[in-house]
2 protein chains.
Amino acid sequence: MNPTNVIEIGELRRSCASCSLQQLCLPASIEADELDRLDRAVRARRPLRRGEHLYHQGDVARSLFVSRDGAFKTVTVDPEGESQIIGLHLPGELIGLDGMGSGRHLCAAEALQTATVCELPMSQLETLLPQLPGLQRQLLRVMGRSRDQDQSHVELLGRRQADDRMLLFLHGLRERYLLLGHDADQITLPMSREDMASYLGVVLETVSRSLGRLQDEGLIDVRGRQLHILDARRLAQRVQGEPPRQVGS
Amino acid sequence: MNPTNVIEIGELRRSCASCSLQQLCLPASIEADELDRLDRAVRARRPLRRGEHLYHQGDVARSLFVSRDGAFKTVTVDPEGESQIIGLHLPGELIGLDGMGSGRHLCAAEALQTATVCELPMSQLETLLPQLPGLQRQLLRVMGRSRDQDQSHVELLGRRQADDRMLLFLHGLRERYLLLGHDADQITLPMSREDMASYLGVVLETVSRSLGRLQDEGLIDVRGRQLHILDARRLAQRVQGEPPRQVGS
DNA sequence: CGTGGCCTTGAAACTTTTCAAAAATTGTGG
DNA sequence: CCACAATTTTTGAAAAGTTTCAAGGCCACG
């Protein structure tokens with residue numbers, strides 16, 4: 001057992017009570033004694049490296065997950081054989097709800113960066129739920145927020161112009177990073193252009209060009225995955241339908 | 001009190017136990033004694049006419065609903081001021097989950113035809129859930145299926161060709177009607193072309209042309225809202241990526 | 001310093017949208 | 001029950017936007 005492992009296991013044993021994501025995650029608004037029971041049900045997990053899967057499409061759904069750090073994408077392979085990015089999950093956001101309908105996961109969940117996750121086995125959940133009314137309420141709320149997230153994605157995909165979709169995407173990303181307490185105007189994009197393209201329902205060249213246009217407009221500054229939001233105020237206005245300002249040649 | 005009202009109230013008092021949607025709805029796989037308690041919590045509601053709302057965007061979310069007959073659409077007005085159809089709810093499908101995240105409805109729910117609905121107040125739900133483990137499991141499953149529905153919508157909107165989206169839409173509709181025990185190859189479309197357009201993320205002219213192309217191909221026959229699926233087998237193949245067969249000029 | 005992966009850019013082909021008008025359907029009142 | 005008005009749907013042609021295909025640039029890594 002090398003020192004690195006010791007540190008990692010130490011990390012893993014941090015409890016819900018001391019987790020920085022507490023307010024966003026299942027423990028929020030749960031009583032102290034209940035929290036302790038939830039805490040014991042949550043399993044430790046070794047960190048995942050970028051590209052590793054939490055579960056695969058078709059797997060029996062055994063657990064719900066929350067990432068403490070590191071983002072995940074959820075991906076389906078559709079009947080045509082093409083894969084599509086269905087979801088982007090930042091730390092504190094529930095992962096695995098795609099298995100609750102049928103008992104099997106409709107997506108695969110893949111780490112976009114090195115990530116440490118908490119795991120709550122379904123079996124434990126079923127035991128705990130009737131006993132912890134606080135958890136009950138909170139689970140419904142958290143599932144509801146996850147659904148709201150999906151609705152935003154539908155609203156994004158409903159826009160017919162690539163720039164509108166990108167605007168909505170960046171604005172939503174900004175809000176989510178804000179919630180996490182990050183510097184939301186200076187983001188390292190969690191996905192490749194190709195992943196973004198899939199999430200936005202366009203091809204990757206269109207993503208590149210759209211980012212280029214928004215940069216020419218002075219809204220953002222992108223260099224690879226480094227994104228600076230230069231004018232958050234106007235970004236919000238653009239999302240609300242304001243037309244692009246004339247850009248000098 | 002006229003005879004019509006008497007009949008309506010009689011209808012409203014049908015219990016979950018005798019409802020034809022039982023297997024699809026919350027009561028599924030709930031024990032008889034539990035079912036009785038759920039039954040008492042479910043409120044009667046006067047029938048809604050086409051165009052009437054179950055709730056409006058921004059309303060405090062007080063209840064979950066299920067339509068016994070009559071379909072509903074859920075609509076958001078986005079920041080740009082344009083309305084978008086987010087969901088289509090056939091009988092037996094849960095309506096109102098868009099309020100669970102924030103406590104307020106993110107959408108409006110509007111009847112597409114005359115509809116009778118069951119209403120389960122959130123307050124009752126909170127009381128019942130810890131007491132009825134069967135309901136607990138079933139609610140999670142039904143919410144999961146609703147989420148799966150939304151995922152299908154995202155997958156549909158992720159397709160970049162209008163015909164692909166239409167194919168996915170028709171195929172999904174067919175499967176849902178099958179589940180309801182309807183003749184799924186002879187459907188009265190529940191929405192106008194404009195609503196379909198919004199749901200599919202295209203303009204209504206595109207819907208019209210896409211339906212025209214699928215008709216020329218011999219897949220379907222559409223006259224206004226009457227839709228005949230002429231070749232369900234090939235519809236399924238097309239959804240799975242089979243290219244359109246050559247259509248004689 | 002070269003290699004491979006990722007991203008950007010350009011030009012042509014294709015699809016969808018937009019705008020306009022005709023056709024079909026629905027609802028209504030005589 | 002028919003005819004008319006209003007609404008919805010279809011169709012056409014031009015404009016706009018996206019995809020496709022191809023090539024070149026950038027960056028990280030060995």
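Proteins get letters first, then strands, A, B, ... in listed order; numbering begins at 1 in each. None of the values given here were measured: they were computed from a predicted structure.
V202(B) comes within 4.0 angstrom of sugar-phosphate atoms only, judged by non-hydrogen atoms across all strands, and of no base. Within 4.0 Å of T206(A), counting heavy atoms only, lies at least one base atom of the nucleic acid.
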Inset, instruction - Give the intermediate values and the outcome of ring-ring contact (aromatic ring centres under 6.0 Å, His included) for residues F72(A) and H89(A). - result: CA-CA 5 Å; F72(A) 283 79; H89(A) 303 262; 7.9 Å; no
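Using bins of under 30°, 30° to 60° and over 60° for the plane-to-plane angle, the ring pair Y177(A)/H182(A) lands in the tilted bin. Note: Y199(A) and F169(A) have tilted aromatic rings, judged against thresholds of 30 and 60 degrees for the angle between ring planes.
Here the C1' atom of nucleotide dC21(D) and the CZ atom of R209(A) are 11 Å apart, to the nearest Å. Distance Q161(B) CD to dT18(D) P: 14 Å, rounded to the nearest Å. In this structure, E205(A) places its CD atom 12 Å from C1' of dC6(C), rounding to the nearest Å. The CZ-C1' distance, from R160(A) to dG17(D), rounds to 12 Å in whole Å. Rounded to whole Å, atom P of dC19(C) lies 13 Å from atom CG of L204(B). If you measure from atom CZ of R223(A) to atom P of dG25(D), you get 16 Å, rounded to the nearest angstrom. Between the CG atom of L200(B) and the P atom of dT15(C) there is a distance of 18 Å, rounded to whole Å. The separation between R213(A) atom CZ and dC7(C) atom P is 18 Å, rounded to whole Å.
Counting non-hydrogen atoms of neighbouring residues, nucleotides and ligands closer than 6.0 angstrom, the CD atom of E194(A) reaches no more than 12 such neighbours.
The side chain of V203(B) has dT17(C) as its nearest neighbour among dT18(D), dC7(C), dT17(C).
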